[in-house]
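These numbers were taken from a predicted model, which means no experiment stands behind them.
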Amino acid sequence: MKATKWVTTAVALTLMGSVAIGCAKNEGTPSASPSGDTKGTAAPASNKPQEIKINFTAEPPIMDSSKATANAAFTFISAFNEGLYRTDKDGKAVAGLAKDFPKISPDGLTYTIDIRDNANWSDGQPVKAQDFVYSFKRTLDPATKGQYSFVVAWIKGGEAVTKAKTPEEVKKAQDALGVKAISDKQLQITLEKPVTFFTQMLAFGTFLPQREDFVTKAGDKYGAEADKVIGAGPFILSKWDHGQTLELVKNEKYWDAANVKITKATINIVKDSNTGLNLYETDAADLTEINRDQLKLYAGKPDNLPKPELTNSYLMYQTKKVPALANKKIRQALGMAIDRQAYVDTVLANGSVPSTGLVPGGTSDGAGGDFRKSAGDTQPKFDAAKAKELLAEGLKEAGLTALPKMKVNADDTETAKKSLEFILAQWKQNLGYEAEANPVPHALRIELSSKHDFDIVLSLWGADYNDPMTFLDMWVTGGEFDEGDYSNPEYDKLVKAAQAEVDPSKRAKNLVDAEKILMDDQGVAPLYFSTRAYLKKPNIDGLILPSFGQEWELKWASVK
């Protein structure tokens, strides 16, 4: 994502905190919902209390689905709220608040969706089609400043709302938006152009419903406190002790409450992995993320739970505010001077692999293949000598005698700090350049990045849906997540051509060619494709660690 564009992802180790969250895979044959039939799907009865304790490395930023971009936020939003669809253990869309899959017009533009009769908000009020209409219009309103509004702008007339200059223009554009409540329980959405994975996107956090009366009453505090959120999902956010603890309790008004077994989930914000492991080993936590050294202790044990992700980690350069970073050769030098294999071996050692391009391995190319296999290795390889030559040439072109002292932002978690230490050591050793590490709380890193207020930032991006576009449209000139102000007209042309292309093979080629340009430019410098290491108590059943979108999914979890 960035959040869709393109969250959470992202951090490979959560440790860095996710930039944004992930979304959906390409639509295929609709899968049967494991929760769609309330008969016979309940987990076996257990005499044990259905309570779970989770260690979480990042304080969630605001839990407003119109404004959220971070994986940490979307993880909780998806717990206490729900969209028309939900993502199952296989990454496929299953019926959520919708009765069934949408009726799609032959031209692929109009989606008609019936909402469940027993879909209710946690206070018992019925979920209405108008709640989705309001949510989409609010997200698109420029006054909301939602970075993920671009995905909602796929709806016909959506871009006109985002570009409206006055309240009157906004209202007029919203009235013309291609979404309407045909009745209280039937919603119709008309797209600007066909989006083959749109049903899956409707499970993404930005497309969740919002209650206008509740949002209006909460005002600026909406999404900022436990009593300032409301949802129609499996759980209720009952407690939010900022920086310390969050608590989810079962929502008895949820349409599928009969199949939700967890009655309480306590989430502790724990940034130090040693503290997290201690909590796990003393049974004060049932799920925790671990680092490379701890992973060795649990190799081969049933607790060991790897989480492969469609997530990349990369360095983003602010090319407008830092003139030196506008030079292509300087960017190339910085990226080429980092030994990515040594990075994953010495800092991570959790199954993550060195990047070979921007788009992570395992991502579909949108035409039936794997993007990385289609594109091959597009990223320049580690070459310290060549990097030093490029730096000298770049400095000369930029009229500089040396690089200015720059800060590198990152999260303030243990692994993120170690990542900064490694990267800066590589630059000093291979380029003779000393940068300054600037670890900050996750929410602050996200805020500074969104304001384009940084020199260089260590980021992660998790797929919003299983398609290369979720990674590549981020860097189109002026895009919501082009926070480094990168710009290349030829790149823009290829991405926009892919957005309009209906032939899957031609579309895939456009995206491959776009990535090649971005990697040659080193508009961003990828570092690795993420796998994260978790420990989970063997008696916790049905807990999902999605490869994109959220950190974890508790709807189908239970304690054996």
Side-chain angles (χ1 to χ4, degrees), residues 3 21-24 30-38 41 60 63-66 68 73-89 91-102 111 113-136 139 148 152 184-185 187 189 198-211 214-215 223 229-238 248-262 265 464 542-544 546 548-557:
I21 184 165
C23 182
S31 62
S33 169
S35 60
D37 180 359
T38 58
T41 59
M63 295 190 206
D64 177 344
S65 57
S66 287
F74 281 116
T75 298
F76 284 93
I77 291 172
S78 296
F80 67 74
N81 205 357
E82 184 165 87
L84 294 161
Y85 303 97
R86 198 169 191 91
T87 302
D88 70 4
K89 63 182 178 62
K92 296 180 180 179
V94 296
L97 297 180
K99 285 183 180 179
D100 204 342
F101 285 86
Y111 288 61
I113 304 166
D114 293 322
I115 298 170
R116 295 179 185 275
D117 293 333
N118 60 341
N120 294 309
W121 293 94
S122 58
D123 64 358
Q125 289 195 33
V127 174
K128 299 180 180 180
Q130 182 59 34
D131 297 328
F132 289 92
V133 175
Y134 169 73
S135 176
F136 299 169
T139 299
Y148 262 120
V152 184
D184 281 351
K185 290 294 184 177
L187 180 71
I189 303 170
F198 189 67
T199 298
Q200 181 70 66
M201 280 303 298
L202 290 172
F204 182 59
T206 306
F207 286 93
L208 271 53
Q210 298 179 52
R211 273 256 302 277
F214 190 92
V215 174
V229 302
I230 190 170
F235 302 96
I236 294 170
L237 182 64
S238 58
L248 296 165
V249 297
K250 181 177 177 178
N251 175 16
E252 298 294 348
K253 302 293 179 62
Y254 179 53
W255 69 268
D256 198 27
N259 290 306
V260 177
K261 299 305 168 189
I262 295 297
D464 297 321
L543 184 146
I544 300 170
F548 60 89
Q550 304 161 223
E551 297 292 335
W552 29 258
E553 167 64 78
L554 298 178
K555 173 176 175 177
W556 296 288

Nearest heavy-atom approach of Val229 to Gly223 is CG1-CA, 3.6 Å

Contacts of type ring-ring contact (aromatic ring centres under 6.0 Å, His included), residue Phe80, not counting sequence neighbours
none

So, taking the atom named NZ in Lys253 and the one named CD in Gln125, what distance separates them when rounded to the nearest 0.5 Å?
10.0 Å

Taking side chain to side chain donor-acceptor pair (under 3.5 Å) as the criterion, tell me which of Arg116, Lys555, Arg86 meets it with Asp256.
Lys555

The single option from Val152, Thr139, Ile189 passing side-chain contact (heavy atoms from CB on, under 4.5 Å) against Phe207
Val152

Using the benzene-type ring in the case of Trp, are the ring centres of Trp552 and Phe76 under 6.0 Å apart?
yes

Just verifying a value: how many Å separate Met201 CE and Thr206 OG1, rounded to the nearest 0.5 Å?
6.5 Å

Between Ala73 and Ala68, the two heavy atoms sitting closest are CB-CB, 4.0 Å

For a quick test of reading the model, state the closest non-hydrogen atom pair linking Ala119 to Lys185 and the distance between them.
O-NZ, 3.5 Å

Keeping Ser135 on the side-chain end and Leu208 on the backbone end, is there a donor-acceptor pair under 3.5 Å?
yes

How far does OG of Ser65 sit from CD of Gln210, to the nearest 0.5 angstrom?
3.5 Å

Please report the shortest heavy-atom distance between Thr199 and Tyr111, naming the atom on each side.
OG1-CE2, 3.6 Å

CZ of Phe136 to CG of Leu187, rounded to nearest 0.5 Å, is 6.0 Å

Are the side chains of Trp121 and Arg211 in contact, using a 4.5 Å heavy-atom criterion?
yes

What is the distance from atom CG of Asp123 to atom CZ of Phe214, rounded to the nearest 0.5 Å?
8.5 Å

Any Trp255 side-chain heavy atom under 4.5 Å of Val127 side chain
no

Decide side chain to side chain contact (heavy atoms under 4.5 Å, CB included) for Val94 and Thr87; before the verdict, give the C-alpha distance in whole Å, the side-chain angles of both, and the deciding distance to 0.1 Å.
CA-CA 6 Å; Val94 296; Thr87 302; over 6 Å; no

Determine whether the aromatic ring centres of residues Phe74 and Phe204 are separated by less than 6.0 angstrom.
yes

Are there more than 12 heavy atoms of other residues, nucleotides or ligands under 6.0 Å from atom NZ of Lys128?
no

Non-hydrogen atoms of Pro209 and Asn81 that approach each other most closely
O-ND2, 3.1 Å

Check whether Asn251 reaches the backbone of Ile236 with its side chain - one donor and one acceptor, N or O, closer than 3.5 Å.
no

Verify the ring-centre separation between Phe101 and Tyr85: is it less than 6.0 angstrom?
yes

Examine distances only and state if a side-chain atom of Lys261 and a backbone atom of Ala258 form a donor-acceptor pair shorter than 3.5 Å.
yes

Quick check for you: to the nearest 0.5 Å, what is the distance between Ile113 atom CD1 and Leu84 atom CG?
5.0 Å

